[in-house]
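The block underneath contains the structure these notes are about, expressed in structure tokens.
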Amino acid sequence: QVQLVESGGGLVQAGASLRLSCAASGRSFNNYGMGWFRQAPGLEREFVAAITSGDRTYYADSVKGRFTISRDKAKNTVYLQMDNLKREDTANYYCARDPRSWPGSTLGSVGKQDEYDSWGRGTQVTVSA
């Protein structure tokens with residue numbers, strides 16, 4: 001079973017940047033898609049971004065143009081670069097593994113949480129005014 005460990009969260013002011021990391025244990029990391037999700041207090045967990053095994057990237061409309069997902073296959077690590085942070089980005093951020101060989105090509109398919117089989121514990125991001 002793969003283990004995913006997120007890091008890089010913190011408290012920042014609006015307009016600042018953060019880079020989240022998700023380190024994955026185990027082999028065959030490069031064969032899987034990876035996703036970032038977030039959950040704010042009182043709200044359901046939502047899709048943020050995903051990168052497929054072929055390095056195609058997908059973003060929720062709310063973060064498109066501000067967030068960038070990438071991966072370092074040599075380090076078994078996925079990153080989420082978050083720029084121009086807004087107060088509404090405040091949430092606990094989770095990374096997850098997508099075991100599907102073909103996750104589809106739409107946000108609805110790629111971001112379907114039930115398809116992700118391994119999850120990290122999350123890292124908190126708080127954006128102040």
Side-chain angles (χ1 to χ4, degrees):
Q1 182 74 10
V2 68
Q3 285 190 326
L4 304 175
V5 180
E6 303 96 335
S7 62
L11 171 63
V12 297
Q13 290 187 325
S17 297
L18 278 176
R19 189 177 80 156
L20 305 183
S21 300
C22 172
S25 65
R27 296 177 292 181
S28 303
F29 170 75
N30 297 339
N31 296 332
Y32 295 97
M34 298 294 294
W36 284 97
F37 297 79
R38 67 186 181 186
Q39 186 169 22
L43 299 179
E44 293 186 353
R45 189 168 59 191
E46 65 176 2
F47 169 76
V48 176
I51 185 166
T52 68
S53 58
D55 292 338
R56 286 182 290 117
T57 58
Y58 297 83
Y59 299 94
D61 289 342
S62 58
V63 307
K64 193 175 296 182
R66 299 187 299 120
F67 289 13
T68 304
I69 188 171
S70 63
R71 67 195 300 167
D72 185 331
K73 294 180 177 179
K75 295 183 177 180
N76 279 10
T77 301
V78 175
Y79 303 100
L80 185 67
Q81 177 67 39
M82 307 186 294
D83 298 320
N84 190 22
L85 282 161
K86 304 177 180 181
R87 290 190 68 183
E88 51 264 41
D89 295 318
T90 295
N92 203 12
Y93 283 71
Y94 301 88
C95 69
R97 187 183 75 170
D98 185 351
R100 295 174 291 175
S101 58
W102 173 246
S105 58
T106 65
L107 281 179
S109 177
V110 173
K112 192 175 182 183
Q113 297 185 43
D114 291 347
E115 298 288 353
Y116 287 74
D117 67 352
S118 297
W119 293 79
R121 292 181 177 271
T123 184
Q124 178 67 35
V125 172
T126 303
V127 184
S128 64

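Basis for what follows: all heavy atoms, side chains included, without hydrogens, waters or symmetry-related copies. Along the sequence shown, the residues carry numbers beginning at 1.
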For this session: Could you tell me if the ring centre of Tyr94 sits under 6.0 Å from that of Phe37?
Result: no
For this session: Let me see the working for Glu46 and Gln39 under side-chain contact (heavy atoms from CB on, under 4.5 Å), right down to the final yes or no.
Result: CA-CA 6 Å; Glu46 65 176 2; Gln39 186 169 22; over 6 Å; no
Problem set entry | CG-CZ distance between Asn31 and Arg97, expressed to the nearest 0.5 angstrom | 10.0 Å
For this session: Output every pair passing disulfide (SG to SG under 2.5 Å) with a member in residues 16-125, not counting sequence neighbours, ordered by first then second residue.
Result: Cys22-Cys95
Exercise. Are Met82 and Ile69 connected in the hydrophobic side-chain network, where two residues link if heavy atoms are under 4.5 Å apart?
Worked result: yes
For this session: Kindly indicate, with the supporting measurements, whether the criterion side-chain contact (heavy atoms from CB on, under 4.5 Å) is fulfilled by Leu80 and Thr68.
Result: CA-CA 6 Å; Leu80 185 67; Thr68 304; over 6 Å; no
For this session: Give a yes or no on whether the backbone of Arg45 and the side-chain of Gln113 come within a donor-acceptor separation of less than 3.5 Å.
Result: yes
Seminar exercise, completed: What one should report as the nearest heavy-atom pair of Asn30 and Ser53 is O-CB, 3.7 Å
Exercise. Between atom CD of Gln3 and atom CZ of Arg121, what is the distance when rounded to the nearest 0.5 Å?
Worked result: 9.0 Å
For this session: Taking all non-hydrogen atoms of both residues into account, name the closest pair between Asp89 and Arg38 and its distance.
Result: OD1-NH1, 2.9 Å
For this session: Would you name the heavy atoms of Gly104 and Ser109 that are closest together and state the gap between them?
Result: CA-OG, 3.6 Å
Exercise. If you look at every heavy atom in Leu4 and Ala24, which pair is closest and at what distance?
Worked result: CD2-CB, 3.5 Å
Problem set entry | Smallest separation among heavy atoms of Tyr59 and Ala49, with atom names | CD2-CB, 3.7 Å
Seminar exercise, completed: Here the pair of heavy atoms bringing Leu85 nearest to Arg66 is CA-NH1, 3.9 Å
Seminar exercise, completed: The complete set of side-chain hydrogen bond (donor to acceptor under 3.5 Å, both in side chains) pairs with one or both residues in residues 73-84, sequence neighbours excluded, reads Ser17-Asp83, Gln81-Asp83
For this session: Look at atom CD of Glu44 and say whether more than 12 heavy atoms of other residues, nucleotides or ligands are closer to it than 6.0 Å.
Result: no
Problem set entry | Arg71 side chain vs Gly33 backbone, donor-acceptor pair below 3.5 Å | no
Problem set entry | Centroid-centroid under 6.0 Å between Trp36 and Phe67 rings | no
Exercise. Does atom CD of Gln124 have more than 12 heavy-atom neighbours from other groups under 6.0 Å away?
Worked result: yes
Exercise. With the threshold set at 4.0 Å, does a side-chain nitrogen-carboxylate oxygen contact exist between Asp98 and Arg100?
Worked result: yes
Exercise. Is there a side-chain contact between Thr123 and Ser7, using heavy atoms and a 4.5 Å cut-off?
Worked result: no
Exercise. With hydrophobic residues grouped by side-chain heavy-atom distances under 4.5 Å, do Leu20 and Met34 end up in a single group?
Worked result: yes
For this session: Treat each ILVMFWY residue as a node, draw an edge where side-chain heavy atoms are under 4.5 Å apart, and state whether Val110 and Tyr32 are in one component.
Result: no
Problem set entry | Spacing of OG1 belonging to Thr106 relative to NZ belonging to Lys112, to within rounding of 0.5 Å | 10.0 Å
